[in-house]
K.L.:
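Got a structure for you, written out below as structure tokens; questions coming shortly.
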Amino acid sequence: MKITDATIQEVDKALVDSNNAFIKFAQSGLKVRATLMRTIAVELESLGDDLIQLAMQETNLTELRLKGERARTMFQLSSYADACERGEWLELSINTADAQRVPPKPDIRKTKYPLGPVVVFGSSNFPFAYSTAGGDTASALAAGCTVVVKAHPAHPQTSNMVANAIKTALKKLGMDENIFIHIHGASNQVGETLVKHPLTKAVGFTGSFQGGMALFNWANQRHEPIPVFAEMGSVNPVYLFPEKLKEGFEVLAQQYAESITLGVGQFCTNPGIIVGMDGKELADFTHLLGEKISSIAAGNMLHTGIAKAYKEKSQHAIEQQHVKLVNAAKDLQDSMRGKPMLAHVEAKHFLSNPLLSEEVFGPFSLIVSCKDISEMQAVAASLKGQLTSTLIATDQELKNNKHLVELIASKCGRLILNGVPTGVEVCLAMQHGGPFPATTDPRFSSVGADAIKRFARPISFQNFSDSLLPDELKNNNPLQIWRTVNDQLTKDAL
């Protein structure tokens, strides 16, 4: 089947149809949305091995990885459906009237209202979990928004199959098929038209900094600017404190060799920079990590574009003055394989060369050696916003370096202690987002039920009679949702 880009006319029709469907879907109850999401999860599972085999052909990902990712995608749909029904994301608040007050106090009740049609751009490195039926689609549907997905051109047939499963779910439930619309577009023109269309009300994106910023800039060129929730990757720095390193680095070296090369390094949480203090322990750790990395077989990267960019950027990094290649896998002739690499540079040279703090998307990491804690602080201060930062430290080291720890925390969305950044748990407490340029809006997470909040806005109802209020704000609380009533959290009826 030949895949062709949507025309401007087709994009326009998609947004018009999506907006027409939104008018009704926005009024749908929380249970209706939750049922849709659970039904999509069932349809996704029913695609069986056919979906896995197709995705393997298009992405070079393994069967095991894809089966795990499909399970994650189904869990996202189901867990966000549960969260949608529970309704905590609505952050309901009610302040009742007081006619005796001077001036009289009105009755005011606040809930959240869906933004409108959401455009979701499929991700290349997660064909299920961050693509057609992924987290952005799931959280937008939970919020009551209709969705227009632009398939990623690296796995168009996989996206088609998943889109058809969503359409099947809508049909089985007797719902408007235009609640979800699926189109293709490899050209920038399709993306720009989608973002700039006047009926588009928000954008979800996971990918490169260049791609995310293009969408963000287009959104802000509109007559009516709209939010772009772009997750654009990061170098996820790891800070090695000396006393913790002295306790033993062998296990740590194994953990980080696996983390750096996990999925051929094609994760937005890949640890791209490791900052440590000069000394025997750091030297021994670096040597062992290099050995372990060089022993790990290179794997196929997702597609030729990512493979080419990795080779160019990793080579450019190690060609910088004062950067030394510690170790790498054997040279490969296959242009699709991503060679694991570890390099080293002294902090003073790292600080004078901004290029070294840029992400190399693939199995590459740079050791930055500092002469003292002040230089480590300078390195931390020089880095931009990150999805994650990791501290390898004893409790006492953290207590002794509170200012440095606070500096590191101020630049990331998730702060990890004595672990690795790869692996993003789908749960309410997860914050998958961080200060710019990791994301375009650090106030929100793209993983976990709080992701629903991205696609809804607060709205207050003042002096409405009970019968005219949304169910979640009615006096008898028919949905049994937690609400803050006159500053007290309760499920009780008024």
K.L.:
Going by distance alone, is a donor N or O of one side chain under 3.5 Å from an acceptor N or O of the other, for His184 and Asn160?
P.N.:
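Short answer, yes.
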K.L.:
Looking only at the side chains, is there a donor atom on one of Ser131 and Ser123 sitting less than 3.5 Å from an acceptor on the other?
P.N.:
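The answer is no; no qualifying pair exists.
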K.L.:
Going by heavy atoms in the side chains, are Thr439 and Leu387 under 4.5 Å from each other?
P.N.:
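Thr439 vs Leu387: side chains touch.
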K.L.:
Closest approach of Ser446 and Tyr130, non-hydrogen atoms and distance?
P.N.:
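Smallest heavy-atom distance, with atoms named: OG-CE2, 4.5 Å.
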K.L.:
Hey, could you give me the CG/OG distance between Asp176 and Ser28, rounded to the nearest 0.5 Å?
P.N.:
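Spacing of CG (Asp176) from OG (Ser28) equals 11.5 Å.
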K.L.:
Below 4.0 angstrom, N of the basic side chain to O of the carboxylate: do Lys110 and Glu472 qualify?
P.N.:
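Glu472 and Lys110: not salt-bridged.
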K.L.:
Verify the distance criterion only: is there a donor paired with an acceptor across the side chains of Ser187 and Asp5 at less than 3.5 Å?
P.N.:
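Short answer, yes.
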K.L.:
Using 0.5 Å steps for rounding, measure from the CG atom of Asp82 to the CE atom of Met37.
P.N.:
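Here the rounded value is 9.0 Å.
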K.L.:
Side chains of Ile181 and Val147: does their closest heavy-atom pair fall under 4.5 Å?
P.N.:
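Side chain of Ile181 against side chain of Val147, heavy atoms only: no contact under 4.5 Å found.
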K.L.:
When you compare the side chain of Phe205 with that of Glu231, does any pair of heavy atoms fall below 4.5 Å?
P.N.:
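A side-chain contact under 4.5 Å is absent here.
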K.L.:
Is there a side chain to side chain contact (heavy atoms under 4.5 Å, CB included) between Val195 and Val119 once you walk through the steps?
P.N.:
CA-CA 7 Å; Val195 175; Val119 170; 5.5 Å; no
K.L.:
Under 3.5 Å, side chain of Asp441 to main-chain N/O of Arg443, donor-acceptor pair present?
P.N.:
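Yes, Asp441 side chain to Arg443 backbone: donor-acceptor pair under 3.5 Å.
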K.L.:
In Å, rounded to the nearest 0.5 Å, how long is the span from NZ of Lys308 to NZ of Lys313?
P.N.:
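Going from the NZ atom of Lys308 to the NZ atom of Lys313 covers 11.0 Å.
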K.L.:
Looking at side-chain heavy atoms only, is the closest gap between Phe25 and Leu141 below 4.5 Å?
P.N.:
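Yes, at least one pair of side-chain atoms sits under 4.5 Å.
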K.L.:
So how far is it from Phe229 CZ to Arg454 CZ, rounded to the nearest 0.5 Å?
P.N.:
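The CZ atom of Arg454 is 7.0 Å from CZ of Phe229, to the nearest 0.5 Å.
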K.L.:
Does either side chain, that of Asn236 or that of Ser234, offer a donor lying less than 3.5 Å from an acceptor on the other one?
P.N.:
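Their side chains do contain a donor-acceptor pair, which is all the 3.5 Å distance test asks for.
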K.L.:
Are His197 and Asp12 linked by a side-chain donor-acceptor pair shorter than 3.5 Å?
P.N.:
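Asp12 and His197 do have a side-chain donor-acceptor pair below 3.5 Å.
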K.L.:
Using a 3.5 Å distance criterion without hydrogens, assess whether the side chain of Ser78 forms a donor-acceptor pair with backbone atoms of Phe75.
P.N.:
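No, Ser78 side chain to Phe75 backbone: no donor-acceptor pair under 3.5 Å.
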K.L.:
Is any NZ, NE, NH1 or NH2 atom of the basic residue among Arg33 and Glu85 found under 4.0 Å from an Asp or Glu carboxylate oxygen of the other?
P.N.:
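Salt bridge: no.
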K.L.:
Would a 4.5 Å heavy-atom cut-off, applied to side chains only, mark Ile260 and Pro340 as touching?
P.N.:
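Not in contact.
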K.L.:
Using 4.0 Å as the upper bound for N to carboxylate O, is an ion pair formed by Lys112 and Glu91?
P.N.:
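Looking at Lys112 together with Glu91, the answer is yes, because their closest N to O distance falls below 4.0 Å.
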K.L.:
Describe, in one word, how the ring planes of His152 and His155 are oriented to each other, choosing from parallel (under 30°), tilted (30 to 60°) and perpendicular (over 60°).
P.N.:
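Rings of His152 and His155: parallel, under 30°.
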K.L.:
Just checking, any donor-acceptor pair under 3.5 angstrom between side chains of Thr422 and Ser259?
P.N.:
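Per modelled atom types, Thr422 and Ser259 side chains form a pair under 3.5 Å.
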K.L.:
Could you tell me the separation between the CD atom of Gln221 and the CG atom of Asn217, rounded to the nearest 0.5 Å?
P.N.:
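Result: 6.0 Å between the selected atoms.
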K.L.:
Among Val162, Leu173, Leu77, Thr168, find the one that has a side chain to side chain contact (heavy atoms under 4.5 Å, CB included) with Ile40.
P.N.:
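It is Leu77; the other options fail the test.
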K.L.:
Tell me whether Asn477 contacts the main-chain N or O of Ala493 through its side chain, where contact means a donor paired with an acceptor under 3.5 Å.
P.N.:
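Pair absent, no side-chain N/O of Asn477 close to backbone of Ala493.
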K.L.:
Please determine which of Lys67, Arg65, Arg72 meets the salt bridge (charged side-chain N to carboxylate O under 4.0 Å, His left out) test together with Glu69.
P.N.:
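Passing option: Arg65.
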K.L.:
Apply side chain to side chain contact (heavy atoms under 4.5 Å, CB included) to the pair Ile408 and Gln386, showing each step before the final yes or no.
P.N.:
CA-CA 9 Å; Ile408 293 168; Gln386 308 292 331; over 6 Å; no
K.L.:
Walk me through it: do Met56 and Leu61 pass the test side chain to side chain contact (heavy atoms under 4.5 Å, CB included)?
P.N.:
CA-CA 5 Å; Met56 287 173 66; Leu61 295 174; 6.0 Å; no
K.L.:
Would you compute the distance between atom CG of Asn60 and atom CE of Met301 and round it to the nearest 0.5 angstrom?
P.N.:
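Between atom CG of Asn60 and atom CE of Met301 there are 10.5 Å.
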K.L.:
With distance as the sole criterion, is a donor-acceptor pair present between the side chains of Ser93 and Arg109 under 3.5 Å?
P.N.:
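No pair is found: no donor N or O on one side chain lies under 3.5 Å from an acceptor on the other.
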